[in-house]
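Single-structure report; data block below.
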Amino acid sequence: MNLNHKGDKEYKEMLYEGKAKRIFKTPVAQEFFLEFKDSLTAFNALKKGSFENKGIVNRDIAALLFEYLEKFAIPSHYLRKENQNGMLVKKVTIIPFEVVVRNVLAGSTAKKLGIEEGTPLSEPLVEFYFKKDELGDPFVSEEQMRIIHQIPVRDIDIMKELALKINKKLTELFAEIKIKLVDFKVEFGKDSDSVILLADEITPDCCRLWDMETNEKLDKDRFRRDLGSVKESYESVLARLTQNRRGK
Ligand code: ADP
Ligand code: MG
């Protein structure tokens with residue numbers, strides 16, 4: 001991790017250390033410093049790894065994608081890049097449900113349903129998973145969210161609508177760089193005015209990205225499945241995105 005890199009600001013009060021990021025207090029009450037770590041985990045942290053500069057690469061990808069989505073009126077917690085591997089974000093109260101959008105069936109869902117990985121879906125599918133490591137982030141129905149967890153229908157509808165809009169814009173962006181957006185996971189949170197914002201991160205850690213020409217995987221499945229070239233794949237996603245944006 002590139003801590004104490006020349007010119008980096010020092011944030012001393014850490015509020016939370018997760019599997020891939022750390023959150024720090026800042027002098028501004030409504031802002032957090034979100035630091036991207038070099039570590040990589042899979043299968044609910046049973047498998048652990050890391051690669052050099054992962055934090056920088058993921059921070060750059062997340063910043064670029066948040067900036068891109070902002071142009072299409074998708075509100076996020078992102079404020080600006082800070083230090084080598086971090087960003088300043090708006091403090092939110094995370095809604096503890098991961099929102100997954102699938103365009104193509106892959107991973108555990110394909111396996112669970114006995115459908116071949118790579119089978120395209122007739123329309124994007126939105127799913128919710130209860131964010132609880134101890135339980136392995138189980139799938140929940142919208143009815144379970146509403147009745148058991150007391151999540152207002154309005155909030156569920158906003159998250160779904162935003163997730164589909166994010167999917168549409170990201171699918172378009174990745175298509176420009178010849179990458180297929182197979183699926184992804186996002187998190188939402190409420191700011192101090194109770195506005196629902198896209199939070200956390202969008203990076204190859206939480207997306208499935210397949211090269212359109214070769215079908216090569218360019219995401220965390222390279223780590224999960226020991227396919228090698230994890231670092232190179234993440235770097236190539238960033239390089240392709242950066243080159244593409246430069247031409248605009
Ligand atoms: P985890 O191991 O829980 O996935 P991460 O390593 O992803 O944790 O660390 C980021 C944590 O910070 C996540 O739990 C995420 O929900 C939370 N988070 C992300 N953005 C914000 C924000 N703007 N305000 C508050 N919490 C946030
Ligand atoms: Mg996380």
Side-chain angles (χ1 to χ4, degrees), residues 18-21 36-62 64-65 85 97-121 124-131 133 135-139 163 166-187 200-242 244:
K19 297 182 291 279
K21 299 186 293 300
F36 289 68
K37 307 198 294 183
D38 282 350
S39 55
L40 198 67
T41 69
F43 313 116
N44 202 9
L46 283 177
K47 179 167 176 164
K48 294 191 176 78
S50 72
F51 65 80
E52 205 189 343
N53 288 342
K54 180 200 177 235
I56 298 177
V57 172
N58 267 12
R59 189 287 305 269
D60 283 350
I61 294 173
L64 191 149
L65 296 179
N85 58 335
F97 294 88
E98 299 191 341
V99 185
V100 171
V101 183
R102 300 178 190 281
N103 298 303
V104 172
L105 269 192
S108 59
T109 306
K111 202 170 164 190
K112 181 171 85 177
L113 302 176
I115 298 170
E116 197 190 344
E117 178 161 90
T119 306
L121 295 168
L125 173 66
V126 181
E127 298 173 344
F128 294 93
Y129 291 83
F130 185 34
K131 203 173 138 55
D133 282 344
L135 302 176
D137 297 341
F139 173 87
I166 293 164
N167 182 51
K168 183 166 185 292
K169 297 325 293 184
L170 289 185
T171 297
E172 287 170 12
L173 176 68
F174 281 112
E176 286 175 23
I177 54 170
K178 299 277 178 288
I179 290 175
K180 192 198 285 177
L181 179 62
V182 170
D183 58 33
F184 64 90
K185 175 282 284 186
V186 283
E187 293 178 22
D200 205 48
E201 64 174 304
I202 307 180
T203 66
D205 274 6
C206 42
C207 298
R208 282 199 172 86
L209 302 167
W210 294 356
D211 184 285
M212 278 183 175
E213 264 137 41
T214 62
N215 253 356
E216 194 188 1
K217 297 182 195 330
L218 300 169
D219 54 66
K220 200 161 92 174
D221 273 343
R222 296 209 74 83
F223 169 70
R224 285 191 194 96
R225 302 179 189 188
D226 295 319
L227 301 174
S229 307
V230 185
K231 179 178 175 14
E232 291 73 15
S233 301
Y234 279 53
E235 282 171 350
S236 105
V237 171
L238 176 60
R240 283 156 84 160
L241 281 168
T242 312
N244 182 262

To the nearest 0.5 angstrom, please state how far the [atom1] atom of [X] sits from the [atom2] atom of [Y].
X: L238; Y: L218; atom1: CG; atom2: CG; result: 12.5 Å
X: T203; Y: D60; atom1: OG1; atom2: CG; result: 12.0 Å
X: D221; Y: W210; atom1: CG; atom2: CH2; result: 8.5 Å
X: L241; Y: S236; atom1: CG; atom2: OG; result: 9.0 Å
X: L209; Y: E216; atom1: CG; atom2: CD; result: 11.5 Å
X: D183; Y: L125; atom1: CG; atom2: CG; result: 10.0 Å

* Can you check side-chain contact (heavy atoms from CB on, under 4.5 Å) on R222 and S229, steps first, answer last? -> CA-CA 7 Å; R222 296 209 74 83; S229 307; 4.2 Å; yes
Going by heavy atoms in the side chains, are [X] and [Y] under 4.5 Å from each other?
X: R240; Y: K178; answer: yes
X: D137; Y: F130; answer: no
X: R208; Y: V104; answer: no
X: L65; Y: L173; answer: yes
X: K180; Y: N103; answer: no
X: V237; Y: F174; answer: yes
X: K231; Y: K54; answer: no
X: I202; Y: C207; answer: yes

Are the side chain of [X] and the backbone N or O of [Y] linked by a donor-acceptor pair below 3.5 Å?
X: R224; Y: F43; answer: no
X: S39; Y: K19; answer: yes
X: N85; Y: R59; answer: no
X: E98; Y: E187; answer: no
X: D38; Y: E52; answer: no

* Aromatic ring centroids of F97 and Y129 under 6.0 Å? -> no
* Near-ring test F51/F223, centroid separation under 6.0 angstrom ->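 Between F51 and F223, which both carry aromatic rings, the centre distance is not below 6.0 Å.
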* Lys/Arg N to Asp/Glu carboxylate O, R225 vs E117, below 4.0 Å ->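 A salt bridge links R225 with E117.
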Check [X] against [Y] and note the closest heavy-atom contact, atom names and distance.
X: E213; Y: D211; value: N-OD1, 2.8 Å
X: T109; Y: R102; value: OG1-NH2, 2.8 Å
X: P204; Y: I61; value: CD-CD1, 3.6 Å
X: V182; Y: A106; value: CG1-CB, 4.0 Å
X: E116; Y: T119; value: O-OG1, 2.6 Å

* Apply side-chain contact (heavy atoms from CB on, under 4.5 Å) to D200 and K185, showing your working. => CA-CA 10 Å; D200 205 48; K185 175 282 284 186; 3.2 Å; yes
* Just wondering, more than 12 heavy atoms not from K168 lying within 6.0 Å of its NZ? -> no
* To do: Could you give me the CA-CA distance, side-chain angles and deciding distance for L40 and Y234, then say whether side-chain contact (heavy atoms from CB on, under 4.5 Å) is met?
  => CA-CA 12 Å; L40 198 67; Y234 279 53; 3.7 Å; yes
